[in-house]
Amino acid sequence: MKKLILDTLFPISCLGCETHETWLCEKCFSTIEVPDRQICPLCENVLTPQGKVCTSCQKRQKSFLDCLIVAASYENSLIKQMIHALKYRFIENLAEPLAKLLLKSLLQNEIPLPDCIIPVPLHPRRLRWRGFNQSLLLAQKISEDLTPLMKIEILEILERRKYNRPQMEIKKYQDRLDNVKGIFRLKDEPRTTASQLWPPVVRGESPDLKNKIILLLDDIATTGATLEECARTLKEKGAKKIYAAVVARQTIKKYNF
Ligand SMILES: [Zn+2]
Ligand SMILES: [Zn+2]
């Protein structure tokens with residue numbers, strides 16, 4: 001119903017140029033730049049291969065994330081509008097161009113092929129409200145297209161058990177880490193496969209994560225504290241590497257360690 005109302009109020013037109021009857025025309029899509037270099041996810045000051053944590057940050061602070069790949073800039077108003085329209089106007093079609101950007105960035109950065117993809121979960125209340133998890137939509141596309149030879153398994157094995165205070169309201173990185181501490185856990189319900197989805201998604205109790213290389217996906221990161229907490233939860237269960245990737249990063253230059 002809410003979608004019907006929104007569609008009537010805002011008929012389909014390109015978010016960039018408003019001239020075509022599509023949410024994003026080819027021309028506007030082609031203007032979005034995917035950076036060919038990545039920076040340290042913690043200090044955001046040093047260029048590092050694949051967005052790994054730089055050596056001075058490694059000395060200062062333990063990180064469970066092995067890298068963070070960012071596909072585009074949130075300063076790009078088109079990216080901002082696309083993510084907003086996906087999440088708050090429920091335009092699921094926009095997951096596709098966003099996933100394409102993410103895919104381009106993953107291929108450019110030549111990350112090792114992951115054993116599985118894990119989308120960052122929403123709190124059940126948020127999931128009911130939106131009707132879908134935008135990170136899962138991205139994961140499905142990436143799963144299909146990351147390598148031509150196979151579909152990478154998607155595991156919906158993490159759950160968000162606390163409705164935490166929005167990270168946006170918190171300035172300090174350490175306080176953000178504290179805010180998300182312990183909010184994720186691995187599901188313990190019996191494992192099922194959502195075969196109506198393509199590629200199929202494995203839900204419930206996690207398979208053995210020992211020595212697994214995991215690609216963790218989300219739409220947006222700010223300080224990266226949420227991804228860090230997911231990574232901590234997965235590494236506790238034996239995961240070997242956590243490569244995180246997001247469509248865009250919202251930079252808050254003011255936060256301090
Ligand atoms: Zn356009
Ligand atoms: Zn750094």
Side-chain angles (χ1 to χ4, degrees), residues 6-7 9-86 88-89 91-102 104-105 109 111 167 171-177 180 216 218 220-232 235 241-257:
L6 287 166
D7 286 350
L9 287 175
F10 306 100
I12 297 176
S13 70
C14 173
L15 290 171
C17 62
E18 294 176 9
T19 55
H20 300 88
E21 281 181 16
T22 167
W23 291 113
L24 187 72
C25 75
E26 299 263 340
K27 200 171 158 216
C28 291
F29 180 71
S30 69
T31 64
I32 303 172
E33 283 176 36
V34 171
D36 53 5
R37 295 195 287 184
Q38 297 289 327
I39 53 173
C40 164
L42 292 180
C43 62
E44 296 181 82
N45 274 327
V46 188
L47 287 170
T48 57
Q50 300 165 333
K52 290 196 172 98
V53 176
C54 75
T55 33
S56 59
C57 285
Q58 272 175 20
K59 279 180 204 147
R60 194 169 44 188
Q61 167 162 10
K62 175 151 182 59
S63 176
F64 294 94
L65 279 181
D66 291 281
C67 75
L68 173 58
I69 287 172
V70 180
S73 169
Y74 198 70
E75 308 297 307
N76 179 323
S77 68
L78 196 49
I79 287 286
K80 208 187 240 180
Q81 285 183 75
M82 285 164 76
I83 293 176
H84 193 270
L86 169 66
Y88 303 103
R89 285 170 61 191
I91 302 169
E92 289 179 58
N93 291 350
L94 285 168
E96 181 152 348
L98 291 169
K100 268 192 198 164
L101 297 170
L102 198 49
K104 192 172 169 187
S105 190
N109 284 287
I111 64 149
Q167 293 284 77
K171 286 271 179 293
K172 281 191 179 166
Y173 181 69
Q174 190 53 51
D175 294 345
R176 285 185 172 220
L177 279 177
V180 291
L216 183 64
D218 208 354
I220 282 191
T222 306
T223 59
T226 305
L227 292 166
E228 184 62 40
E229 182 60 14
C230 283
R232 192 182 68 78
K235 282 208 168 156
K241 296 269 180 204
I242 310 287
Y243 296 106
V246 294
V247 176
R249 179 143 186 200
Q250 236 164 347
T251 307
I252 299 184
K253 296 219 165 69
K254 283 170 291 191
Y255 75 81
N256 32 51
F257 287 94

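First listed ligand is number 1; within each ligand, the first listed atom is number 1.
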Within less than 2.8 Å of the Zn ion (ligand 2): protein N, O or S atom count
4
Test Cys43 against Cys54 for side chain to side chain contact (heavy atoms under 4.5 Å, CB included), laying out the working first.
CA-CA 8 Å; Cys43 62; Cys54 75; 3.9 Å; yes
Please determine whether side chain to side chain contact (heavy atoms under 4.5 Å, CB included) holds for the pair Leu68 and Arg249, giving the CA-CA distance in whole Å, both sets of side-chain angles, and the decisive distance to 0.1 Å.
CA-CA 10 Å; Leu68 173 58; Arg249 179 143 186 200; 3.7 Å; yes
Partner residues of Glu228 under the salt bridge (charged side-chain N to carboxylate O under 4.0 Å, His left out) criterion, sequence neighbours left out
none
Here's a test for you: under side chain to side chain contact (heavy atoms under 4.5 Å, CB included), which of Asp175, Leu177, Val180 qualifies with Gln167?
Val180
According to salt bridge (charged side-chain N to carboxylate O under 4.0 Å, His left out), who are the partners of Glu33, at least two apart in sequence or on a separate chain?
none
Checking Asn76 against Thr31 for the side chain to side chain contact (heavy atoms under 4.5 Å, CB included) test, could you report, in this order, the C-alpha distance in whole Å, the side-chain angles of both residues, the deciding distance, and whether it holds?
CA-CA 10 Å; Asn76 179 323; Thr31 64; 5.8 Å; no
Just to be sure I understand the site: which N, O or S atoms from the protein are less than 2.8 Å away from the Zn ion (ligand 1)?
Cys14 SG, Cys17 SG, Cys25 SG, Cys28 SG
Would Leu65 and Val53 satisfy side chain to side chain contact (heavy atoms under 4.5 Å, CB included), going step by step from the backbone distance to the final call?
CA-CA 8 Å; Leu65 279 181; Val53 176; 5.5 Å; no
Working to the nearest 0.5 Å, report the span between OG1 of Thr222 and OH of Tyr74.
8.5 Å
What one should report as the nearest heavy-atom pair of Gln38 and Pro35 is NE2-O, 4.3 Å
